[in-house]
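Worth knowing before you read on, the calculation uses all heavy atoms, side chains too, and leaves out hydrogens, waters and symmetry mates. Treat the numbers as computed from the prediction; the structure is a model and nothing was measured. Just so it is clear: chains get the letters A, B, ... in the order the sequence lines come, proteins before strands, and each one is counted from 1.
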There are 2 protein chains.
Amino acid sequence: MPPRKTVSTKRSAVIKALAHPSRLLIAEALMEGEMCVCDLKDLVGADMSTVSKHLSLMRQAGVLVSDKRGLNIYYRLACDCLGDFLRCLDQLAPKKATTQSCC
Amino acid sequence: MPPRKTVSTKRSAVIKALAHPSRLLIAEALMEGEMCVCDLKDLVGADMSTVSKHLSLMRQAGVLVSDKRGLNIYYRLACDCLGDFLRCLDQLAPKKATTQSCC
DNA sequence: AAACTATTTGGCAATTTAGCCAAATAACCA
DNA sequence: TGGTTATTTGGCTAAATTGCCAAATAGTTT
């Protein structure tokens, strides 16, 4: 595989970890501080096992780090540069503009 | 759907448009300037129809804009804030660190 | 140790996504 | 007009992703 492709494959694994509504919701919530799985389960509104799988996917990708204290496992963002990215996203007009730049 | 979820669903559509190795490769290439479909086909190394479908998905999501000139259709990034995001991604150590933050 | 709580893992069905081929469209040229 | 080039669309199969349930694991409490 050419080097340029290798780089984009690694990067896309990280992006993929954020490219799901529930996972992005989790990332956004964790921008305000760490949370345990049961808190996140309430936020997302899915089965705990589903949330847990989302979390381990995000941890695998390097987006989150976890920390076990007592019975709970707390998750938090591995990097706080995500905020700028989310602000960037909101500038992209969804679907409408076909031939014009947004910014 | 609660408002917080609506927002993250819209945002995740944009992220999804970048969450594929070929599509990210395309986005990275377009950071250096516009390209037509056949240029991108050579870069990605897939069938032109496949590349075309990736491009229309990205345009739908608002990540790219297109511009027809003669026989060619030129694509370029809708927003140049992506560069900062990609730099952020590279700080996230893939997979290794389980309990430590990267930055 | 037994019961309890929080989380993860395995397995499976349903849905979504990817990529190729072939055919359709659109603009250019002779 | 007919031919050629660039791109998109339709259709199909293969592969990946999602989400639930049930069972397993790990730490806590009594």
Closest-nucleotide ordering on DNA chain D, the 5'-leading residue of B:Cys36 and B:Lys53: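 So the residue in question is B:Cys36.
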Where each residue is assigned the nucleotide of DNA chain D containing its nearest heavy atom, which of A:His20 and B:Met48 is assigned the position nearer the 5′ end?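 Closest to the 5' end, via its nearest nucleotide, is B:Met48.
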Minimum heavy-atom distance B:Arg23-B:Ala17, with the two atoms named: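 Heavy-atom minimum between the residues: NE-O, 3.1 Å.
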Give the minimum heavy-atom separation between A:Ile26 and A:His54, together with the two atoms involved.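 Shortest heavy-atom contact: CD1-CB, 4.4 Å.
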Is any side-chain heavy atom of A:Ile73 closer than 4.5 Å to a side-chain heavy atom of A:Asp67?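 The answer is no, as the side chains (C-beta and beyond) never meet within the 4.5 Å cut-off.
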Is any side-chain heavy atom of B:Val37 closer than 4.5 Å to a side-chain heavy atom of B:Asn72?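 Counting from C-beta outward, B:Val37 and B:Asn72 never come under 4.5 Å.
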A:Lys41 with A:Asp39: basic N within carboxylate O range, under 4.0 Å: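 No, A:Lys41 and A:Asp39 are not salt-bridged.
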For [X], which contact category applies under a 4.0 Å heavy-atom criterion: base, sugar-phosphate, or nothing?
| X | answer |
| --- | --- |
| B:Tyr74 | nothing |
| A:Lys16 | sugar-phosphate |
| B:Lys68 | sugar-phosphate |
| A:Ser56 | nothing |
| B:Arg23 | sugar-phosphate |
| A:Ser49 | base |

Report the distance from atom [atom1] of [X] to atom [atom2] of [N], rounded to the nearest whole Å.
| X | N | atom1 | atom2 | answer |
| --- | --- | --- | --- | --- |
| A:Glu34 | C:dT7 | CD | C1' | 16 Å |
| B:Leu40 | C:dG19 | CG | C1' | 17 Å |
| B:Ile26 | C:dG19 | CD1 | P | 10 Å |
| B:His54 | C:dC20 | NE2 | C1' | 12 Å |

Hey, does the Lys NZ or Arg CZ of A:Arg59 hover above the aromatic six-ring of A:Tyr75, less than 6.0 Å from the centre and inside 45° of the axis?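 Here A:Arg59 fails the 6.0 Å and 45° test against A:Tyr75.
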Please pick, from C:dA26, C:dT7, C:dG19, the nucleotide with the shortest atom-to-atom distance to any side-chain atom of B:Leu71.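 Taking heavy atoms from C-beta onward, the closest nucleotide is C:dA26.
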Please determine if a side-chain N or O atom of B:Thr50 lies less than 4.0 Å away from the OP1 or OP2 oxygen of C:dC20.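 Answer is yes, contact under 4.0 Å.
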Any A:Asn72 side-chain N or O less than 4.0 Å from OP1/OP2 of C:dT5: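 No, A:Asn72 has no side-chain N/O under 4.0 Å of OP1/OP2 on C:dT5.
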Start and end of chain A contact along DNA chain D [non-hydrogen atoms, under 4.0 Å]: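 So the outermost contacting nucleotides come out as D:dT17 to D:dT28.
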When rounded to the nearest 0.5 angstrom, what is the spacing between CD in A:Glu28 and OG in B:Ser12?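 A:Glu28 CD to B:Ser12 OG: 9.0 Å, rounded to 0.5 Å.
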